[in-house]
Each structure stands twice: as C-alpha cells, then as structure tokens.
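A, B, ... follow the sequence lines: proteins, then strands. Residue 1 opens every chain.
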Amino acid sequence: GAVVSQHPSWVICKSGTSVKIECRSLDFQATTMFWYRQFPKQSLMLMATSNEGSKATYEQGVEKDKFLINHASLTLSTLTVTSAHPEDSSFYICSAGPGLAGVFTDTQYFGPGTRLTVL
Amino acid sequence: EDQVTQSPEALRLQEGESSSLNCSYTVSGLRGLFWYRQDPGKGPEFLFTLYSAGEEKEKERLKATLTKKESFLHITAPKPEDSATYLCAVHMYAGNNRKLIWGLGTSLAVNP
C-alpha cells in the first residue's frame, strides 16, 4: 500500500518551453502532497506544499509563477515548470501520505522522481 | 536553529560488517523522526517512523532507535544490496505549521 507514482520519469526540453510533471497517489487519497527538488549528492529541498482544492504554499525563495502547482483531486497533483531554463534542470520528487483531511500526515511516501534536463 | 545532522557523510563496509548511522537533531516540538533509503536516481523509500525516546523498530537487517537528541540506524551483517543513501528527517511544529527538516544523508557502500 501507499504507492505514489510520477510521470514522466525523465524529460528533456528546450529552453523556454514548459514542462508538466504529474504526481499520483495510487491506493490512497491525499489531501496534501509535497514537491521537492534534489541536486546531485544533496538532500531534498522542499519547494511547495500542494493542498487539494486550494492554493499551494511555496517555500521561501521558490518562484510561484515559475513553478505552478495544481492539486486537482485527492489523487493528483501537477507541477508545471514554466519557461524552463538550464538552471531548472534537476530531479523533482513528490510525496504524499495517507491522512485525514486537513491533518498533516506523519509518514510521507515518495514518488520515483522526474529527471528534468533543459537544453 | 532547528537542524538535523547525519554522520558519517559516507561509510564503506565489508559484507557482514555491522555498523550504525547517526542522526542528531536540535528541534523544538518534535513530532516524529523518519528514516528513508534512497537509491541513485530514485525517490526515497520509507523505512521507519519513531515518535518517542526509547522507541525501537526493526526491519530485516535494519534497526532504528531514538533518544531525546538523536537516532541511530543499526545495520546488522549488511549485504551489498544495502548500499544506498540513508536519509533522516524530523517532523516538527513551527508555530501553526508543521514541517519536515532533512539531514544530508549517509552514503553507504557495502563491498562483497
């Protein structure tokens, strides 16, 4: 149980284009999902908290207009990197956890990650 | 300042050579401590959640323990397939918000 999927697993795009990454909870409902970014040999950096039916909460220093988050349903959150540039190249990972609506869940289960390369 | 520190940064063991990884934390309002395993190019895989000092949890060759200041991940008779980066995260209260603070991880390599 508690499986989280991401799509695509990797993507290569040209500078200036937009890329959408999907995060799905396959066997549970998640009112809250989290988006992380990870650089090589570094730990996870939380970008934003995605809440179903409301606006995402972004961490300090993360551009909300560049990283658009939509939590359309209890099983799907999307991250769109708009007008991507080479510095946006990174490993993006989402997480979610079974929990009651409105309650931060204790254990987070992670998706397999999406490798974004911007040329 | 709230922070999580993992040590060592890297560890190389021979197959069968038991050892421990450390996760020390200085946070207020601890709600829980998590251990994850991450393989290269993949998302973290959940291992354990610990909530209170004295708590212990086991899974195969891994055993996690928690004190008021730190957590240990003990690896007994490791195998090459245990090679991975082990991440520690602390779930804490920050005002009205709850958040996870991550350590930088310990990269474990087990030689056959």
Quiz item: What distance separates Phe46(B) CZ from Gln108(A) CD, expressed to the nearest 0.5 Å?
Solution: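 CD of Gln108(A) is found 10.5 Å from CZ of Phe46(B).
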
Quiz item: Could you state the interatomic distance from CD (Glu9(B)) to NZ (Lys41(A)), rounded to the nearest 0.5 Å?
Solution: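 If we round to the nearest 0.5 Å, Glu9(B):CD and Lys41(A):NZ are 9.5 Å apart.
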
Quiz item: Would you say Gln42(A) and Leu104(B) make side-chain contact, with heavy atoms under 4.5 Å?
Solution: no

Can you hop from [X] to [Y] via hydrophobic side chains spaced under 4.5 Å?
| X | Y | answer |
| --- | --- | --- |
| Phe67(A) | Val118(A) | yes |
| Phe72(B) | Leu50(B) | no |
| Tyr109(A) | Tyr92(A) | no |

Self-check item: Under 4.5 Å from a heavy atom of chain A, the part of Gln38(B) involved
Solution: side chain

Exercise. State whether the side chain of Ser43(A) and the backbone N or O of Gly103(B) hold a donor-acceptor pair below 3.5 Å, judged by distance alone.
Key: yes

Quiz item: Counting N and O atoms only, with roles assigned by atom type, does the side chain of Tyr36(B) sit under 3.5 Å from a partner on the main chain of Phe110(A), one being a donor and the other an acceptor?
Solution: no

Is it the case that atom [atom1] in [X] sees more than 12 heavy atoms from other parts of the structure closer than 6.0 Å?
| X | atom1 | result |
| --- | --- | --- |
| Lys20(A) | NZ | no |
| Lys64(A) | NZ | no |
| His7(A) | NE2 | no |
| Arg12(B) | CZ | no |

Quiz item: Measuring heavy-atom distances to chain B, does Gln6(A) have an atom under 4.5 Å in its side chain, in its backbone, in both, or in neither?
Solution: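 When you check distances to chain B, no heavy atom of Gln6(A) falls under 4.5 Å.
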
Quiz prompt | Proximal component of Leu46(A), with respect to chain B [non-hydrogen, under 4.5 Å] | solution =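 Leu46(A) has no heavy atom closer than 4.5 Å to chain B.
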
Quiz item: Centroid-to-centroid, Trp102(B) to Phe34(A), below 6.0 Å?
Solution: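 Here the rings of Phe34(A) and Trp102(B) have centres that are no less than 6.0 Å from each other.
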
Exercise. Among Gly41(B), Ser107(B), Gly32(B), Pro40(B), single out the residue with the greatest number of heavy-atom pairs under 4.5 Å to chain A.
Key: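 Top count of heavy-atom pairs under 4.5 Å with chain A: Gly41(B).
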
